[in-house]
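Chain identifiers are assigned alphabetically (A, B, ...) following the order of the sequence lines, protein sequences preceding nucleic acid strands; residue numbering begins at 1 within each chain.
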2 protein chains.
Amino acid sequence: MSEGNYHHGDLKNALIQVGVEILAEEGLGRLSLRKVAKQAGVSHAAPYSHFKDKQALIAAISTESFKELHIQIETVFLDYKENPKDLLVETSWAYLQFALTKPDQFKLMFSSVLEKEKKYPDFVEISHLNFQQLLIVVEICQDAKILKSGQASLTAVSLWSAVHGLAMLVLEGQISSVVLEEHGLKEIFLHSLNQIALVELK
Amino acid sequence: MSEGNYHHGDLKNALIQVGVEILAEEGLGRLSLRKVAKQAGVSHAAPYSHFKDKQALIAAISTESFKELHIQIETVFLDYKENPKDLLVETSWAYLQFALTKPDQFKLMFSSVLEKEKKYPDFVEISHLNFQQLLIVVEICQDAKILKSGQASLTAVSLWSAVHGLAMLVLEGQISSVVLEEHGLKEIFLHSLNQIALVELK
DNA sequence: GCTCTTATCTTGACACTGTCAAGATAGCCT
DNA sequence: AGGCTATCTTGACAGTGTCAAGATAAGAGC
């Protein structure tokens with residue numbers, strides 16, 4: 001368990017953790033297996049005892065990031081549970097904030113570096129969990145007449161698309177700086193949500 | 001100009017073209033400078049006469065792809081110019097279709113492999129052009145009471161986010177296959193657009 | 001206690017990558 | 001014709017993902 005040992009003790013999780021750190025400090029483009037290994041204090045091929053290949057490590061980092069996102073949104077969910085209008089705004093805002101504060105983790109999660117063919121069950125599971133969370137928010141808002149009634153799954157996808165798309169475009173610098181600076185992100189965000197909501201939000 | 005010559009004649013555009021082909025046939029992960037060079041029939045370092053580094057080539061491929069997208073949407077625009085309702089649906093649908101039929105080009109365009117915004121003026125220019133195109137569509141729809149009046153740029157960003165987000169989530173396989181197969185992409189797409197539009201579309 | 005098994009980690013190698021420096025080539029201008 | 005210069009080649013380097021072979025140590029059974 002201590003450092004310097006031949007057997008690390010918990011190398012698998014250590015590698016995931018180091019991966020997250022590298023993403024935060026150096027970005028997606030500079031995330032290499034060998035660097036992760038070196039930074040974890042093991043030799044360059046050690047990760048292969050725990051991950052089939054680089055894809056598998058990325059899948060694990062991705063899964064870990066989805067868990068972080070889920071926890072973050074769950075916290076907000078509990079805070080605003082009884083107020084559907086705020087619930088919709090704040091959970092969506094939390095999603096956006098996650099994307100902006102941990103851009104490279106967020107990009108990795110949706111970066112198609114993962115050619116998913118059902119090969120990573122943990123990843124699929126946490127993805128499902130996140131969508132279920134979203135569904136609950138939508139259903140609460142539908143009950144409160146904040147969102148149009150009807151197929152909750154359809155509205156959930158629409159809502160997700162709107163927020164996710166905004167996050168992506170902002171991260172890629174595609175939102176014209178003129179528009180961004182004139183209105184500010186929060187106003188743009190609220191404008192998007194207000195398109196979907198039945199009532200004026202905030 | 002012919003092949004086999006020491007001087008290629010139009011290597012720069014040839015490299016871009018080969019890059020697009022590799023994206024279509026092998027995907028983003030297998031796009032390397034050396035492979036592009038080999039496939040263009042030149043030595044591995046030849047691209048450096050035309051591009052500062054790999055980023056620059058990617059920027060050029062990206063720019064080229066944005067031009068393709070622009071032309072494709074422009075065609076649809078001209079077809080439905082006089083019918084605002086169809087205009088909104090069909091131009092947005094064209095965007096989605098581009099993403100689905102040329103997934104790796106589309107991913108590359110928004111893949112954050114491009115880090116510098118100001119360094120590639122051609123890229124910035126075509127991006128602006130695309131947003132201007134979108135703005136026109138929004139304004140036409142606002143005039144026709146298809147979209148809420150107000151800041152066109154805000155609504156444009158919302159619309160773009162919604163369609164772009166849906167495209168991304170579909171490409172990444174994040175839309176639950178249950179939802180996708182039950183409703184179909186077109187219905188999901190229309191549901192998203194109907195959230196934003198003032199009238200029922202299609 | 002001891003051995004044996006096995007997961008874990010190291011070492012070394014390979015092909016491939018992006019990049020740069022040096023040199024070869026040939027189109028073009030005078 | 002000769003030379004300039006953009007273009008292309010060759011060769012090298014460090015870094016990459018991956019695999020095979022071997023080293024190590026933790027734990028199980030005796």
Could you run down the sub-3.5 Å N/O contacts of the protein with nucleotides 4-6 of chain D?
none

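- What separates NZ of B:Lys38 from P of C:dA15 is a distance of 13 Å, to the nearest Å.
- Remark: P of C:dA24 and OH of B:Tyr48 are 22 Å apart, rounded to the nearest angstrom.
- Regarding B:Phe51, its CZ atom lies at a distance of 16 Å from the P atom of C:dC20, rounded to whole Å.
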Using a cut-off of under 3.5 Å, enumerate the N/O to N/O pairs linking the protein to nucleotides 12-16 of chain D.
from	atom 1	to	atom 2	distance (Å)
D:dT16	OP1	A:Ser32	OG	3.0

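- Taking A:Glu68 as the reference, A:Lys102 meet the salt bridge (Lys or Arg N to Asp or Glu O under 4.0 Å) condition, with sequence neighbours excluded.
- As rounded to whole Å, 11 Å separates atom P of D:dT7 from atom CG of B:Asp10.
- Distance CD (B:Gln55) to P (C:dT17): 17 Å, rounded to an integer number of Å.
- Remark: B:Glu74 pairs with B:Gln133 by the side-chain hydrogen bond (donor to acceptor under 3.5 Å, both in side chains) rule, at least two apart or across chains.
- Taking B:Ala162 as the reference, B:Ile196 meet the side chain to side chain contact (heavy atoms under 4.5 Å, CB included) condition, with sequence neighbours excluded.
- Scanning for side chain to side chain contact (heavy atoms under 4.5 Å, CB included) contacts around B:Ala94 gives B:Ile73, B:Val76, with sequence neighbours left out.
- Of the listed nucleotides (C:dT8, D:dC19, D:dC8), D:dC19 has the atom at the smallest distance from the side chain of A:Ala45.
- Atom CD in B:Gln39 sits roughly 16 Å away from atom C1' in C:dC16 (whole-Å rounding).
- A:Ser32 pairs by the side chain to side chain contact (heavy atoms under 4.5 Å, CB included) definition with A:Arg34, A:Lys35, not counting sequence neighbours.
- Legend: residues meeting side-chain hydrogen bond (donor to acceptor under 3.5 Å, both in side chains) with B:Glu90, ordered by chain and number and at least two apart, are B:Lys202.
- Every residue was checked against the side chain to side chain contact (heavy atoms under 4.5 Å, CB included) condition with A:Ala24, not counting sequence neighbours, and none meets it.
- An OP1 or OP2 oxygen of D:dT9 is reached within less than 4.0 angstrom by a side-chain nitrogen or oxygen of B:Ser43.
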Nucleotides 4-6 of chain C: which of its N/O atoms have a protein N/O under 3.5 Å away?
none

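- Within 6.0 Å of NZ in B:Lys52 there are 12 or fewer heavy atoms belonging to other residues, nucleotides or ligands.
- A:Glu182 meets the side-chain hydrogen bond (donor to acceptor under 3.5 Å, both in side chains) test with no other residue; sequence neighbours excluded.
- Within the structure, every pair that satisfies the ring pair (Phe, Tyr, Trp, His ring centres under 6.0 Å) test and touches residues 62-93 of chain A, not counting sequence neighbours, is listed here: A:Phe66-A:Phe110, A:Phe66-A:Phe123, A:Trp93-A:Phe189.
- Under the 30°/60° scheme for interplanar angles, the aromatic rings of A:Tyr95 and A:Phe106 are found to stand perpendicular.
- Atom pair B:Asp53:CG and C:dC20:P shows a separation of 8 Å (rounding to whole Å applied).
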